[in-house]
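What follows is a short report on a single structure.
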Amino acid sequence: FLLLRLKRRVTTGAFSRGLCQYVKSIVGVDISQNAVDEYNRRVTNQGLLPEEMKAVCATLKGTDDELDGMKFDVVAVNTVFAPYAIIPVF
């Protein structure tokens with residue numbers, strides 16, 4: 001998930017980088033700490049601040065206290081499914 005706060009007064013981050021110029025901040029959410037670490041490493045290498053773009057490791061459950069109570073204007077989902085077996089459908 002990518003949670004976006006619009007400029008009006010998150011994979012490897014390719015999706016996020018494409019959106020970065022249009023938003024105030026991006027928070028990427030993933031259940032994998034390894035994916036989060038890689039995302040944040042790439043953000044740092046681009047010279048961006050965590051206030052502009054960052055990822056956090058979390059399993060969102062829809063409660064108000066998640067993500068420190070941040071509010072978002074847009075939520076974008078960028079999901080890749082990699083099947084491990086082909087299951088025939090009849």
Side-chain angles (χ1 to χ4, degrees):
F1 292 97
L2 293 173
L3 308 173
L4 314 173
R5 289 192 291 175
L6 298 179
K7 274 187 178 173
R8 60 183 177 107
R9 299 21 359 158
V10 205
T11 67
T12 60
F15 186 68
S16 299
R17 285 191 304 274
L19 296 173
C20 192
Q21 62 184 325
Y22 303 106
V23 299
K24 179 180 175 184
S25 65
I26 294 178
V27 179
V29 179
D30 201 298
I31 59 171
S32 166
Q33 187 62 54
N34 289 337
V36 166
D37 292 344
E38 177 64 17
Y39 183 101
N40 288 332
R41 184 187 67 76
R42 289 180 184 223
V43 167
T44 300
N45 289 344
Q46 293 175 57
L48 296 171
L49 299 172
E51 294 81 21
E52 298 172 294
M53 186 186 295
K54 68 178 177 184
V56 295
C57 187
T59 301
L60 300 179
K61 296 178 175 67
T63 61
D64 291 339
D65 61 340
E66 293 176 322
L67 302 175
D68 297 326
M70 293 176 70
K71 302 293 182 200
F72 300 93
D73 296 307
V74 177
V75 176
V77 179
N78 183 26
T79 305
V80 177
F81 291 100
Y84 294 99
I86 297 173
I87 301 170
V89 178
F90 298 100

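The structure displayed is predicted, hence computed values, not measured ones.
Residues Met53 and Val23 share a single hydrophobic cluster, defined by chaining ILVMFWY side chains whose heavy atoms lie under 4.5 Å apart. Residue Leu19 is grouped with residue Val43 when hydrophobic side chains (ILVMFWY) are merged at heavy-atom distances under 4.5 angstrom, including chains of intermediate members.
Atom CE of Met70 and atom OG of Ser25 lie 5.0 Å apart (nearest 0.5 Å). Residue Ile26 holds its CD1 atom at 5.5 Å from OH of Tyr39, rounded to the nearest 0.5 Å.
Residues meeting the side-chain contact (heavy atoms from CB on, under 4.5 Å) test with Leu49, sequence neighbours left out: Glu51, Glu52. Ser32 pairs by the side-chain contact (heavy atoms from CB on, under 4.5 Å) definition with Asp30, Asn34, Ala35, not counting sequence neighbours.
In this structure, Asn40 contributes its side chain and Ala55 its backbone to a donor-acceptor pair below 3.5 Å.
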Using distance only, find each side-chain donor-acceptor pair of residues 56-64 under 3.5 Å and give its atom names and separation, not counting sequence neighbours.
unit_1: Thr63; atom_1: OG1; unit_2: Asp65; atom_2: OD1; d: 2.6

